[in-house]
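Here's the structure we're looking at; comments come further down.
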Number of protein chains: 2
Amino acid sequence: MTSAQNAIFKALSDPTRRAIFEGLCRGGSQSVVSVTQAAGISQPAVSKHLGILKNAGLVSDQPQGRQTFYSPNVGALSQLTDWTTEMTAFWNARFDALDDLLKRMDQ
Amino acid sequence: MTSAQNAIFKALSDPTRRAIFEGLCRGGSQSVVSVTQAAGISQPAVSKHLGILKNAGLVSDQPQGRQTFYSPNVGALSQLTDWTTEMTAFWNARFDALDDLLKRMDQ
DNA sequence: CAGTTTCATAACCGATTGGCTATGCGTTAT
DNA sequence: ATAACGCATAGCCAATCGGTTATGAAACTG
């Protein structure tokens, strides 16, 4: 669990990778050449980034003849929101406990 | 904007930093010594991590005599959820457009 | 069949990272 | 006043990272 979570956080920590992912969300499924042109870096670098995103479950690849199309897995982003809501819940629980304490002290 | 966003993603990409942040959310404001004991690494390493979290706006420090207490800024996590909802919106917009197209073709 | 396109992998390189120890400075305790 | 504590900074090091060029394997094209 945590390992998949870690892969997602790591994958999205690089601005180039976030830009690639955003490009796929905006433009839909795209070939490596297409992603490369948008990214402004070499094709091998893009392939490496796509590999990391794929490994994290953030994108899927659909080979089609000699080109491979990549599409985003927006569902994987739930790992992110799940973590943030969990952290917020932990933090809020402390205030709830404090509220209870203050109420009890009030009586 | 994007620079602050980048700092947050980078800060949370390290599992040790996420653990420290989670510890602060769970346990509330804590001194550096307390965080260090929980983290299981050296105090200077913890100070560096806390500095990065603070720089990203994820924690705040309250100096108090010779010790400094750190508390989480859960509000900063909205940057994360904002980005994910934006990506999801981009992706869904493509399906909405496809829906429209199909509906128009149906008529 | 020969040539081109598409992509992934390998090998390399400079920069960054995450850890450590050593140290210094301010604060509290004796 | 001296010692001990709490924290941050500096300097170091191995490991990882993000980019590059070179190369090769498939898949199309003519």
Side-chain angles (χ1 to χ4, degrees), chain A residues 2-24 27-73, chain B residues 2-24 27-73:
Chain A
T2 295
S3 128
Q5 196 183 63
N6 196 38
I8 289 189
F9 272 101
K10 272 249 167 67
L12 294 178
S13 70
D14 181 59
T16 301
R17 248 153 9 223
R18 285 203 307 280
I20 289 177
F21 184 80
E22 174 169 347
L24 292 177
S29 187
Q30 291 169 38
S31 73
V32 175
V33 168
S34 168
V35 174
T36 299
Q37 289 170 344
I41 54 180
S42 70
Q43 174 266 315
V46 169
S47 275
K48 214 191 282 186
H49 283 308
L50 286 172
I52 292 174
L53 289 171
K54 176 185 171 186
N55 202 330
L58 284 163
V59 303
S60 304
D61 57 336
Q62 295 94 27
Q64 205 162 323
R66 69 179 157 183
Q67 43 190 353
T68 302
F69 287 87
Y70 283 84
S71 50
N73 264 340
Chain B
T2 295
S3 130
Q5 196 183 65
N6 195 39
I8 289 190
F9 271 102
K10 272 247 167 69
L12 294 178
S13 70
D14 180 59
T16 301
R17 261 175 330 247
R18 284 203 306 280
I20 288 177
F21 184 80
E22 174 169 348
L24 292 177
S29 188
Q30 291 171 38
S31 72
V32 175
V33 169
S34 168
V35 174
T36 299
Q37 289 169 346
I41 54 179
S42 70
Q43 173 266 314
V46 169
S47 275
K48 212 191 282 187
H49 282 310
L50 287 172
I52 292 174
L53 289 171
K54 176 185 171 187
N55 202 331
L58 284 163
V59 303
S60 305
D61 57 336
Q62 296 94 28
Q64 205 161 322
R66 68 179 159 185
Q67 43 190 352
T68 301
F69 287 86
Y70 283 85
S71 51
N73 266 339

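All heavy atoms count here, side chains included; hydrogens, waters and symmetry mates do not. Chain naming here is simple, since letters A, B, ... match the order of the sequence lines and numbering starts at 1 in each.
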Given B:Ile20, B:Leu50, B:Leu58, B:Val46, the one that forms side chain to side chain contact (heavy atoms under 4.5 Å, CB included) with B:Tyr70 = B:Leu50
note = Rounded to whole Å, the CZ-C1' distance (B:Phe9 to D:dC17) equals 18 Å
task = For D:dG6, take OP1 and OP2 only and decide whether either is under 4.0 Å from a side-chain N or O of B:Tyr70.
result = no
message = Quick check for you: to the nearest 0.5 Å, what is the distance between B:Ser13 atom OG and B:Ile52 atom CD1?
response = 9.0 Å
ask   = Are A:Gln43 and A:Ser47 close enough that a side-chain donor and a side-chain acceptor fall under 3.5 Å?
value = yes
message = Could you tell me how far apart B:Asn55 (CG) and D:dA8 (C1') are, to the nearest whole angstrom?
response = 15 Å
inquiry  = Nearest 0.5 angstrom please: A:Arg17 CZ to A:Lys10 NZ, how far?
reply    = 10.0 Å
ask   = Between residues 34-50 of chain B and DNA chain D, which residues have a heavy-atom gap below 4.0 Å?
value = B:Gln43, B:Pro44, B:Ser47
task = Starting from the C-alpha separation in whole Å, work towards a yes-or-no answer on side-chain contact (heavy atoms from CB on, under 4.5 Å) for A:Ile41 and A:Thr36.
result = CA-CA 6 Å; A:Ile41 54 180; A:Thr36 299; 5.9 Å; no
message = Run A:Asp14 and A:His49 through side-chain contact (heavy atoms from CB on, under 4.5 Å) and show every step you take.
response = CA-CA 9 Å; A:Asp14 181 59; A:His49 283 308; 3.4 Å; yes
key: DNA chain D contacts made by residues 10-17 of chain A, counting heavy atoms under 4.0 Å   = A:Asp14, A:Thr16, A:Arg17
key: Residue pair B:Thr68 / B:Gln62, side-chain donor-acceptor N/O under 3.5 Å   = no
query = For DNA chain D, what residues of residues 62-69 of chain A have any heavy atom nearer than 4.0 Å?
reply = A:Gly65, A:Arg66
request  = Would you mind reading off the distance between A:Asp61 atom CG and C:dC7 atom P, rounded to a whole angstrom?
outcome  = 11 Å
request  = State whether the side chain of B:Ser34 and the backbone N or O of B:Gln30 hold a donor-acceptor pair below 3.5 Å, judged by distance alone.
outcome  = no
ask   = Side chains of B:Asn73 and B:Ser60: donor-acceptor distance under 3.5 Å anywhere?
value = yes
ask   = In Å and rounded to the nearest 0.5 Å, what is the OG1 to CZ distance from B:Thr2 to A:Arg18?
value = 8.0 Å
